[in-house]
Amino acid sequence: MPPKTRYKNWNGFSFYLRSTWWDFLNLFFPLNCAACGNYLFKGEKVICTSCLFQLPKTNFHFQKENPISEIFMGRVNINNATAFFTFNKGSRYQKLIHKLKYNGQAEIGIELGKHFGNTLMNSDEYRDIDIIIPVPLHPKKKKARTYNQAEMIAKGMAEAMNSELVVDILVRNTHSVSQTKKDRIERWLNVKNVFALKSTEQLKNKHVLLVDDVVTTGATLEACAQRLLETDQIKVSIACLAQA
């Protein structure tokens with residue numbers, strides 16, 4: 001048998017084994033969509049194709065002025081701001097964020113981050129991103145959750161956008177209380193001085209994308225952006241997975 005044919009046949013057999021193994025695992029340990037709960041088909045990861053298709057995308061990355069950029073207008077000098085999708089209270093997409101943030105399902109952030117990153121690559125405003133930085137958690141909170149949800153999103157985005165993921169320059173020094181029930185002013189006061197930059201050298205002359213899971217009043221992102229803008233010749237843009 002010619003070598004090329006033998007190699008082709010082995011590839012086919014290898015694919016058959018992987019496919020059979022996936023069928024076997026799914027028979028006893030069915031994989032479900034994190035949004036709707038239906039079974040995932042082959043090729044689907046974490047979220048089914050139907051839920052991805054119905055994801056209420058904002059397309060704000062095609063608009064320089066949009067509801068997210070308006071949040072920061074006059075507050076902090078950023079280049080661009082966007083959110084991937086919006087959600088209503090109680091919707092499957094809010095539950096998706098809750099699972100990512102509180103239920104230990106880090107893979108949701110990574111997978112949605114990849115889709116978000118691929119989407120941003122269609123916009124001229126985001127194609128030149130050099131570095132992606134997630135909004136940091138205080139070490140105590142990160143230990144309690146086992147991971148930083150913003151970092152998981154940023155990880156997927158960095159892979160899709162071929163950008164550098166940096167997680168050790170912007171840090172959170174103060175363990176502030178939850179922002180959930182605070183208004184805009186209270187949120188801003190709560191995070192005003194909790195972030196710090198360990199170094200600026202790596203950020204000079206770079207376009208940095210600051211990433212978080214959900215944007216509401218923008219207070220946390222504003223505080224982070226202000227610290228990043230202490231760097232010479234830096235451009236800062238903001239990208240959030242969801243708008244509440």
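FYI, side chains are in, hydrogens and waters are out, and symmetry mates aren't considered; it's all heavy atoms of this structure.
For the pair Ile71 and Thr217, the minimum side-chain heavy-atom distance is 4.5 Å or more. With a 4.5 Å cut-off on side-chain heavy atoms, Cys48 and Asn38 do not count as touching. Residues Glu230 and Ile234 are not in side-chain contact: their nearest non-hydrogen atoms beyond the backbone lie 4.5 Å or more apart. Looking only at side-chain heavy atoms (C-beta outward), Thr200 and Asp232 stay at 4.5 Å or farther from each other. Ile68 is listed as a side-chain neighbour of Gln243, based on a closest heavy-atom distance under 4.5 Å. Side chains of Lys142 and Arg172 form no contact here, defined as non-hydrogen atoms less than 4.5 Å apart.
Taking every heavy atom of both residues into account, Ala158 and Leu165 meet most closely at CB-CB, 4.0 Å. Minimum heavy-atom separation, Phe72 to Val215: CZ-CG2, 4.5 Å. Between Lys155 and Ile110, the shortest heavy-atom distance links the atoms CD-CD1, 4.2 Å. Residues Pro136 and Val171 share a closest heavy-atom pair of CG-C, 3.9 Å.
Counting heavy atoms of neighbouring residues, nucleotides and ligands inside a 6.0 Å radius, atom CG of Asn162 does not exceed 12 of them. Heavy-atom neighbours of Lys45 NZ from other residues, nucleotides or ligands within 6.0 Å: at or below the threshold of 12. More than 12 heavy atoms of other residues, nucleotides or ligands lie within 6.0 Å of NZ in Lys101, so this atom counts as buried by the packing criterion.
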Which side-chain N or O atoms in residues 112-120 pair as donor and acceptor under 3.5 Å with protein atoms at least two apart or in another chain?
| unit_1 | atom_1 | unit_2 | atom_2 | d |
| --- | --- | --- | --- | --- |
| His115 | NE2 | Glu111 | OE2 | 3.4 |
| Asn118 | ND2 | Lys114 | O | 3.2 |
| Thr119 | OG1 | His115 | O | 2.9 |

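Listed for the Gln226 side chain is a donor-acceptor partner under 3.5 Å among the backbone atoms of Arg75. Remark: the backbone N or O of Gln105 is paired with a side-chain donor or acceptor of Tyr147 at under 3.5 angstrom. For Gln94 (side chain) and Gly90 (main-chain N/O), a donor-acceptor pair under 3.5 Å exists by modelled atom type. Counting only distance, with no hydrogens or angles, the side chain of Asn148 and the backbone of Val135 share a donor-acceptor pair below 3.5 Å. When atom types are taken as modelled, the side chain of Thr58 and the backbone of Ala83 share a donor-acceptor pair closer than 3.5 angstrom. Remark: the backbone N or O of His61 is not paired with any side-chain donor or acceptor of Asn66 at under 3.5 angstrom.
Between the side chains of Glu44 and Thr49, at least one donor N or O sits under 3.5 Å from an acceptor N or O.
Looking at residues two or more places apart in sequence or on another chain, you find a side chain to side chain donor-acceptor pair (under 3.5 Å) between Ser50 and Gln54.
In this structure, Ile238 is a member of the same hydrophobic cluster as Val208, with clusters built from ILVMFWY side-chain heavy atoms closer than 4.5 Å.
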